[in-house]
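Working notes for the structure below.
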Amino acid sequence: MERPLIAVLLLVGLVIGCAVGSAYARARRGWSDYQTIKKSVPGARRSAWLLIRAVATKAGVIALLLFGAAAYAAVGSDDETAGPAPSPSTTQSERPHR
């Protein structure tokens, strides 16, 4: 009777050992990945802020150009291309001939 009991306990031990071993390997791999990412965060944060600053600068320049174009369009140019409008004049008709 002892032989089947030992075989079952060995089998249960192997299953539990494999489950615990794979969980331990997964945890070690996760910890090493975490440490690697943790070391790369400051560089990634710095590059993200540089990209945000570049986009904000471009948006500011575009906003200033749009504001300048709108102000120029509102004020109008100094050139008078159409010239003065003609003033209405009275037309003199000829006297009828007799």
(request) Find out if a path of hydrophobic residues (ILVMFWY) with successive side-chain heavy-atom gaps under 4.5 Å connects Phe67 to Val75. (result) no
(message) Hydrophobic clustering (ILVMFWY, side-chain heavy atoms < 4.5 Å, transitive) - are Leu5 and Leu14 grouped together?
(response) no
(request) Mind checking the CH2-NZ spacing from Trp31 to Lys38? Nearest 0.5 Å is all I need. (result) 6.5 Å
(message) Within this structure, what is the CD1-CG distance for the pair Ile16 and Leu11, rounded to the nearest 0.5 Å?
(response) 10.0 Å
(request) Enter the distance from Asp33:CG to Gln35:CD here, rounded to the nearest 0.5 Å. (result) 10.5 Å
